[in-house]
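Below is one structure, written out as structure tokens, with a few remarks after it.
All values reported here derive from a predicted model rather than from experimental measurement. In listed order, ligands and their atoms are each counted from 1.
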Amino acid sequence: MAKNPLSRRQFIQLGSGVIAASTVAQNILQPRVLSATPRRVAPSDTIRFASIGTGIRGCEHLQASLDVPGIECVAVCDLYDSRHGAAQEAVKNPGVPACRDYRSILDRKDVDSVLIATMDHQHRRIFEDACAAGKDVYCEKPMSHTVEDGFSMVDTAHKYNRMVAVGSQRVSSILYAKAKEIYDSGKLGEVFSINAYWDRNSPSGAWVYPIPPDASPQTLDWNTFLGAAPKREFDPVRFFRWRCFTDYGEGLGGDLFVHLLSGVHFITSTNQPALRAQSSGGLFHFKDGREFPDLIETLYDYPNFRVTLRCNLNNNGGEFIGFYGTKGTMIIKDSTLSYRPEDTRPEPEGYSIFGWPKALRDQYLQKWNEEHPDPKPLNWKVDEEVENYTVPHGYSDTADHQANFYNAVRTRKPVVENEVFGNNTSIGCHLANFAYFNKCVAAWDPSAKKIVKG
Ligand SMILES: NC(=O)c1ccc[n+]([C@@H]2O[C@H](COP(=O)([O-])OP(=O)(O)OC[C@H]3O[C@@H](n4cnc5c(N)ncnc54)[C@H](O)[C@@H]3O)[C@@H](O)[C@H]2O)c1
């Protein structure tokens with residue numbers, strides 16, 4: 001679009017000799033993991049936890065737990081024996097007891113809480129058994145494998161009065177805390193449009209994980225892995241690449257959408273599922289027998305804004321959330337955050353008037369300037385500046401998320417990403433998949449607690 005070659009705005013900037021909005025500073029945010037502990041933790045106040053599911057994420061958690069004050073891993077549990085050694089290595093304790101059956105852990109009186117990092121279809125049973133056994137629960141995201149699972153888990157947590165954290169760790173990130181501060185300050189104006197994506201372009205990013213050479217019906221408990229899912233012959237591809245299959249995971253919805261939705265819900269203080277969702281996408285490249293698409297794009301309607309999400313396993317676009325407001329734009333890109341104000345100072349219309357004869361144009365501009373005498377160009381002050389933030393090298397939002405959970409276990413004050421929050425973002429994944437597989441608008445019916453065709 002052609003613009004007036006020298007707008008009033010540019011004139012003002014040149015006239016004042018100050019272009020404040022171009023100032024860019026890179027701020028490194030300070031970690032706060034220690035602040036999640038309200039006081040020094042006495043040995044008698046140490047929280048003893050057990051890790052159930054010690055695969056990729058479970059081992060990440062065990063490593064991160066070493067940075068969290070006042071906790072101790074007292075048991076690890078996994079269906080696959082080689083994960084026991086991996087867990088002991090991750091927590092740097094070869095002597096920590098390891099088992100296959102999580103129920104033996106729930107029987108232990110010295111276990112205060114459990115960290116569930118199993119395949120998604122296993123979450124509900126372990127979560128509910130843990131609550132019934134009086135344990136507080138950190139459950140990996142997505143909290144639920146089905147809508148029904150989620151509401152049952154919420155009810156169970158409430159019934160047994162348990163502290164719960166769901167594991168989209170960005171909710172505890174210092175970067176997201178800063179983003180929320182900016183959003184809440186009103187500097188973005190009204191935000192009606194939010195756009196997020198998470199794109200990866202590698203077999204590992206598409207869950208084509210190698211099958212360990214020792215995997216066999218002897219080294220792992222195949223029937224317990226299946227759980228309530230349909231019975232099948234031993235198939236290590238299903239065990240190690242479970243995210244590809246509807247019986248155990250939710251594809252890109254449960255893997256990545258849930259992180260993006262958790263970030264959006266946290267920053268906008270939303271604690272309800274979207275009203276409806278529409279999805280498109282397809283399986284274009286990874287045609288390896290999987291049941292989920294390798295590209296999915298979903299448009300969500302929330303009461304006061306719209307959210308578009310995309311996950312594409314065929315391009316390495318990284319992770320992004322953009323908030324587009326009437327007064328500014330805020331972008332989270334991987335581990336950076338930027339805020340850019342919109343220049344909303346009044347200026348005369350400078351496009352269509354170039355289709356007018358000069359005399360008319362001058363008349364309009366003269367009238368406009370008479371009607372807008374202030375501020376005088378030299379007094380104009382741009383009080384908003386571009387802001388950039390990043391996290392320090394090696395920062396772990398997983399350690400912060402754990403610290404917030406253990407803080408809740410001590411204080412009995414719930415975390416932000418509790419069972420209700422986690423259920424709502426999980427419903428967002430289920431809405432996306434319902435719309436994709438049924439080729440329809442997926443509508444959320446809050447009274448029936450069900451997804452229906454919209
Ligand atoms: N928050 C994050 O950034 C993040 C990252 C990765 C995975 N996750 C989540 O963590 C969970 C695990 O994912 P993963 O990549 O570690 O999967 P994984 O396959 O590497 O590990 C899952 C482990 O759970 C074990 N398991 C399953 N059922 C069990 C049971 N009944 N008792 C004991 N162990 C059991 C399996 O043996 C397996 O080793 C999933 O819910 C996933 O969505 C979260």
Side-chain angles (χ1 to χ4, degrees), residues 50-64 75-87 90 98-106 114-130 137-145 149 153 165-173 198 200 204-205 207-212 214-215 217 219-229 236-245 247-263 319 396-402 405 417 422 425-426 429:
S51 195
I52 302 175
T54 61
I56 304 165
R57 187 61 182 157
C59 284
E60 279 177 352
H61 268 302
L62 288 168
Q63 276 162 19
V76 294
C77 171
D78 201 283
L79 301 180
Y80 167 40
D81 297 339
S82 290
R83 302 285 203 205
H84 297 165
C99 63
R100 275 190 180 188
D101 187 347
Y102 71 87
R103 290 169 301 183
S104 64
I105 284 177
L106 300 186
V114 295
L115 200 162
I116 302 172
T118 63
M119 295 83 175
D120 304 342
H121 75 302
Q122 291 271 343
H123 288 179
R124 174 179 171 178
R125 190 163 61 95
I126 304 172
F127 180 107
E128 296 192 350
D129 286 352
V137 180
Y138 182 123
C139 179
E140 258 311 330
K141 60 83 224 165
M143 186 174 104
S144 68
H145 182 51
D149 280 2
M153 291 162 85
V166 178
S168 282
Q169 63 274 14
R170 283 152 187 76
V171 170
S172 294
S173 155
W198 194 337
R200 307 193 291 210
S204 177
W207 321 310
V208 187
Y209 302 139
I211 310 298
D214 70 347
T219 57
L220 66 83
D221 183 345
W222 172 251
N223 283 329
T224 303
F225 157 72
L226 289 177
V237 169
R238 283 184 166 258
F239 187 89
F240 291 99
R241 300 178 188 167
W242 55 268
R243 286 171 175 82
C244 301
F245 302 98
D247 285 342
Y248 327 115
E250 308 75 29
L252 286 165
D255 205 33
L256 303 183
F257 270 18
V258 70
H259 282 302
L260 301 173
L261 285 176
S262 296
E319 189 182 346
S396 165
D397 49 13
T398 294
D400 265 350
H401 207 47
Q402 283 191 26
F405 168 64
E417 197 182 354
T425 51
S426 297
C429 314

Just heavy atoms, cut-off under 4.0 Å: does [X] contact ligand 1 by side chain, backbone, both, or neither?
X      : result
Leu220 : neither
Lys141 : both
Arg57  : both

Legend entry - Spatial distance of atom SG (Cys99) from atom CD1 (Ile52) [nearest 0.5 Å]: 8.0 Å
Protein contact of [atom] - nearest heavy atom, named by residue and atom, plus distance:
atom                    : result
atom 21 (O) of ligand 1 : Gly55 CA, 3.4 Å
atom 24 (O) of ligand 1 : Thr118 CA, 3.4 Å
atom 44 (C) of ligand 1 : Glu140 OE1, 3.0 Å
atom 31 (N) of ligand 1 : Gln122 OE1, 3.0 Å
atom 6 (C) of ligand 1  : Arg243 NH2, 3.5 Å

Taking only heavy atoms of [X], which atoms of ligand 1 are found under 4.0 Å from at least one of them?
X      : answer
Asp120 : 40 (C), 41 (O), 42 (C), 43 (O)
Gln169 : 1 (N), 2 (C), 3 (O)
Ala117 : 11 (C), 12 (C), 22 (C), 23 (C), 24 (O)
His123 : 41 (O)
His259 : 1 (N), 2 (C), 3 (O)
Arg83  : 18 (P), 19 (O), 20 (O), 39 (O)
Gly53  : 24 (O), 25 (C), 34 (N)
Met119 : 19 (O), 22 (C), 24 (O), 27 (C), 36 (C), 38 (C)

Inset, instruction - Please indicate whether any nitrogen or oxygen in Ile56 is less than 3.5 Å from any nitrogen or oxygen in ligand 1. - result: yes
Legend entry - Side chain to side chain, Arg57 and Thr398, heavy atoms closer than 4.5 Å: yes
Inset, instruction - Report yes if the side chains of Ile56 and Phe240 come closer than 4.5 Å at any heavy-atom pair, otherwise no. - result: no
So, [X] versus [Y]: side-chain donor-acceptor pair below 3.5 Å or not?
X      : Y      : value
Asp214 : Ser82  : yes
His259 : Glu319 : no
Ser51  : Arg83  : no

To which of [options] does the heavy atom nearest [atom] belong?
atom                    : options                     : result
atom 25 (C) of ligand 1 : Asp78, Thr54, Ile52, Leu115 : Asp78
atom 33 (C) of ligand 1 : Cys59, Cys77, Ser51, Ser168 : Cys77
atom 30 (C) of ligand 1 : Asp129, Leu79, Asp81        : Leu79

Inset, instruction - Using a strict 4.0 Å threshold on nitrogen-to-oxygen distance, state whether Arg243 and Asp120 make a salt bridge. - result: no
Legend entry - Phe240 to ligand 1, any heavy atom closer than 4.0 Å: no
Inset, instruction - Please state whether Trp242 comes within less than 4.0 angstrom of ligand 1, counting heavy atoms only. - result: yes
Inset, instruction - Taking Gln402 for its side chain and Leu62 for its backbone only, find out whether a donor-acceptor pair lies under 3.5 Å. - result: no
Inset, instruction - Spell out, as yes or no, whether a donor-acceptor pair under 3.5 Å connects the side chain of Glu128 to the backbone of Met153. - result: yes
Legend entry - Positive for ring-ring contact (aromatic ring centres under 6.0 Å, His included) with Phe239, one of Tyr209, Phe245, Phe225, Tyr248: Phe225
